[in-house]
S.K.: 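There's a structure below that I have some questions on.
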Amino acid sequence: MRPPLRQLSPTAGARILGLGSRQPEQIVTNADIAARGVDTNDEWIRARVGIVERRFAGNDQSVVDMAVDAGSKALADAGLAPGEIDAVLVATCTMPSYIPNAAAQTADRIGVRAAPAFDINAACAGFCYGLGTASDMIRAGSARHVLVIGSEKLSDWVDPMDRSTCIIFADGAGAAVVGPADHDERPGIGPIAAGSAGDLVETIVVADRNSFIRQEGQEVYRWAITQIAPVALRALELAGVSPADVDVLVPHQANLRIVEAIAKRMRAAGAREDMVVADDIVHSGNTSSASIPLALDHMRAEGRVRSGDLALLVGFGAGLSYAGQAVVLP
Ligand code: UT7
């Protein structure tokens, strides 16, 4: 008789061991966008989206370049060498072409040799899907340390004269190293709450390789302010914690008004008034899959969050796809 297929030894759970991020040098203000002839102004953008400035990468800086920098910093922060990484996942929806993927190049340039490396395209929810996948790989025993990166160069895919998109989207990368929770420690990444609304697929589209992003902003806005807080609450329920336990809320940085609407719903459900709410969009813009790890890394550098804090992450965007989880910060 055929023997049963052997399974790897599972671990109790995973946690984030280190964070890193990379933003391009070039700062683009609202006035800069208006100055190139776009029919918009600083007052409207601040009031309706909350963005003051964003970063754009130049021709000499790619999705992979930013991923390499953010990933290397996360490795250093975790105190791990590239040889200790078993898999590299890059969440991105803005590679210049479908082949090759970003992850294999990123792994090679960081010095992670022959590791499994694949891209995840769940648009602005990509980083949370990556974190969930990494956690599952570690729990199942198929990897010990996984590098998860969100990296985007949205400026390549935005019509520079389309005022409904060119004011929002920006470039950058953020990364996390995920590893096993120590034996005496509770897992630091809760189960993923995820899903999709494919019936709304037409609301954010890049029609083909020669097209720019087109977005039905109002429809996505209404969906986000009504449908995403319940996903965040579900993530807490799955992790066995309550809204009052949350120290920091990190929604995808799509629009400050969406972030505030989600925070309001969380507080109505019991979250504390002193819960820190990520507002990285103000100076970074909407960087899709990079926005959550970028916000985390910036808030930590600013001293707004501490090691051991409980953070609630929730990503959402094109697809439409969404995902969130509760995590303990490194
Ligand atoms: O990250 C992926 C997921 N994406 C999102 O979550 C984006 C969700 N949507 C949004 O964030 C918002 O819908 C936008 C920021 C895209 C647009 O803001 P809005 O408050 O929904 O504006 P609107 O499209 O309803 O337009 C309101 C008015 C219109 O003028 P009238 O018709 O009232 O005279 C627009 O023509 O504002 C005008 N407008 C602008 N004015 C100055 C639209 N864009 C601009 C602009 N500057 N950039």
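For clarity, every value in this text was computed on a predicted model and none was experimentally measured. Note that ligands are numbered from 1 as they come in the structure, with each ligand's atoms numbered from 1 the same way.
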S.K.: Under 3.5 Å between any N/O of F316 and any N/O of ligand 1: does that happen in this structure?
M.R.: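 No; the residue has no nitrogen or oxygen that sits under 3.5 Å from a nitrogen or oxygen of the ligand.
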S.K.: Pick one of side chain, backbone, both or neither for how V38 approaches ligand 1, counting any non-hydrogen atom pair under 4.0 Å.
M.R.: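 The answer is neither; V38 stays 4.0 Å or more away.
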S.K.: We want to know whether E152 and S289 form a side-chain donor-acceptor pair, criterion being a heavy-atom distance below 3.5 angstrom.
M.R.: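 Yes - a donor-acceptor pair under 3.5 Å links their side chains.
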S.K.: Look at E237 together with R234 and state whether they make a salt bridge at an N to O cut-off of under 4.0 Å.
M.R.: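 Judged by the 4.0 Å cut-off on N to carboxylate O distance, E237 and R234 do form a salt bridge.
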S.K.: Do the side chains of D162 and R214 get close enough for a salt bridge, i.e. N-O under 4.0 angstrom?
M.R.: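 Salt bridge between D162 and R214, a charged N being under 4.0 Å from a carboxylate O: yes.
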S.K.: Would a search of protein heavy atoms around atom 29 (C) of ligand 1 find one under 4.0 Å away?
M.R.: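 No, because not a single protein heavy atom sits under 4.0 Å from atom 29 (C) of ligand 1.
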S.K.: Considering only protein heavy atoms, which is closest to atom 10 (C) of ligand 1, and at what distance to one decimal place?
M.R.: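 Among all protein heavy atoms, the one nearest atom 10 (C) of ligand 1 is N255 ND2, 3.6 Å.
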S.K.: Testing N121, V64, V90, D156 for side chain to side chain contact (heavy atoms under 4.5 Å, CB included) with M95, which one passes?
M.R.: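 Going through N121, V64, V90, D156 one by one, the side chain to side chain contact (heavy atoms under 4.5 Å, CB included) with M95 is satisfied by V64 alone.
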S.K.: Given that the side chain starts at C-beta and the backbone is N, CA, C, O, which of these parts of A224 lies under 4.0 Å from ligand 1, counting heavy atoms, or is it both or neither?
M.R.: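 The answer is neither; A224 stays 4.0 Å or more away.
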S.K.: Can you sort out which atoms of ligand 1 are near I258, meaning under 4.0 Å from one of its heavy atoms?
M.R.: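 Those qualifying, in numeric order: 6 (O), 8 (C).
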S.K.: Going by the order shown, which atoms of ligand 1 are within less than 4.0 Å of some heavy atom of H252?
M.R.: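 The atoms of ligand 1 under 4.0 Å from a heavy atom of H252 are 1 (O), 2 (C).
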S.K.: For a side chain to side chain contact (heavy atoms under 4.5 Å, CB included) check, start with the C-alpha distance between R300 and L329, then their side-chain angles and the critical distance, and finish with the verdict.
M.R.: CA-CA 9 Å; R300 191 178 59 156; L329 297 183; over 6 Å; no
S.K.: Hey, which atoms in ligand 1 end up nearer than 4.0 Å to a heavy atom of V49?
M.R.: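 Counting from 1, the qualifying ligand atoms are 15 (C).
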S.K.: Counting both backbone and side chain atoms, is some N or O of R163 under 3.5 Å from an N or O of ligand 1?
M.R.: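 Among all N and O atoms of R163, at least one is under 3.5 Å from an N or O of ligand 1.
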S.K.: What part of W44, side chain, backbone, both or neither, has a heavy atom within less than 4.0 angstrom of ligand 1?
M.R.: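 Looking at W44 and ligand 1, just side chain atoms fall under 4.0 Å.
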S.K.: Is the contact between Q218 and ligand 1 made by the side chain, the backbone, both, or neither, using heavy atoms and a 4.0 Å cut-off?
M.R.: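 Both the backbone and the side chain of Q218 come within reach of ligand 1.
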S.K.: Suppose we measure from atom 9 (N) of ligand 1 to each protein heavy atom; which comes out shortest, and what is that distance?
M.R.: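 Minimum-distance protein heavy atom for atom 9 (N) of ligand 1 reads G217 O, 3.0 Å.
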S.K.: Does an N or O from N41, backbone or side chain, lie closer than 3.5 Å to an N or O of ligand 1?
M.R.: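 Min N/O separation from ligand 1 is not below 3.5 Å for N41.
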S.K.: Report the part of I45 in contact with ligand 1, treating N, CA, C, O as backbone and CB onward as side chain, heavy atoms under 4.0 Å; options are side chain, backbone, both, neither.
M.R.: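 Answer for I45: neither.
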S.K.: Taking it one step at a time, do D247 and V305 satisfy side chain to side chain contact (heavy atoms under 4.5 Å, CB included)?
M.R.: CA-CA 8 Å; D247 299 305; V305 299; over 6 Å; no
S.K.: If you define the side chain from C-beta out and look only at heavy atoms, does anything of R46 sit under 4.5 Å from N30?
M.R.: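 With C-beta onward as the side chain, the pair touches.
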S.K.: Evaluate the side-chain proximity of F316 to V231: yes if any heavy-atom separation is below 4.5 Å, no if none is.
M.R.: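 No, every pair of side-chain atoms sits at 4.5 Å or beyond.
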S.K.: Which residue holds the protein heavy atom closest to atom 27 (C) of ligand 1, what is that atom called, and what is the gap in Å?
M.R.: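 Scanning the protein heavy atoms, the shortest distance from atom 27 (C) of ligand 1 goes to R48 NH2, 3.5 Å.
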S.K.: Looking at I167, which atoms of ligand 1 are within less than 4.0 Å of one of its heavy atoms?
M.R.: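 Per the distance check, 48 (N).
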S.K.: Going by an N to O cut-off under 4.0 Å, is there a salt bridge joining D171 and R54?
M.R.: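 No, this pair does not count.
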S.K.: Can you check which of A254, S291, P251 brings a heavy atom nearest to atom 6 (O) of ligand 1?
M.R.: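 Looking at heavy atoms only, A254 sits closest to atom 6 (O) of ligand 1.
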S.K.: Is there a protein heavy atom less than 4.0 Å away from atom 19 (P) of ligand 1?
M.R.: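 Yes, at least one protein heavy atom sits under 4.0 Å from atom 19 (P) of ligand 1.
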S.K.: Quick check on side chain to side chain contact (heavy atoms under 4.5 Å, CB included): which of L310, L312, L131 does V327 satisfy it with?
M.R.: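 Of the listed options, the one satisfying the test is L131.
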S.K.: Find out whether V206 and F212 are in side-chain contact, i.e. whether some heavy atom of one side chain is under 4.5 Å from a heavy atom of the other.
M.R.: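 Answer no - side chains too far apart.
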S.K.: Measure from atom 46 (C) of ligand 1 to every heavy atom in L256, T40, I168 and give the option owning the shortest one.
M.R.: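 Shortest heavy-atom distance from atom 46 (C) of ligand 1: T40.
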S.K.: Just so I know, are the side chains of R55 and I27 near enough to count as touching, which here means a heavy-atom distance under 4.5 Å?
M.R.: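 They are in side-chain contact.
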S.K.: Please list the nearest protein heavy atom to atom 7 (C) of ligand 1 with its residue and the distance rounded to 0.1 Å.
M.R.: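 Protein heavy atom at minimum distance: Q215 OE1, 3.5 Å.
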S.K.: Measure the distance from atom 2 (C) of ligand 1 to every protein heavy atom, then report the residue, atom name and distance (to 0.1 Å) of the closest one.
M.R.: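 Looking at atom 2 (C) of ligand 1, the protein heavy atom closest to it is C124 SG, 3.4 Å.
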S.K.: Can you check whether D65 reaches R109 side chain to side chain, under 4.5 Å on heavy atoms?
M.R.: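 They are in contact (side-chain heavy atoms under 4.5 Å apart), so the answer is yes.
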S.K.: Does the protein place a non-hydrogen atom closer than 4.0 angstrom to atom 34 (O) of ligand 1?
M.R.: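 Neighbour list for atom 34 (O) of ligand 1 is empty of protein heavy atoms (cut-off 4.0 Å).
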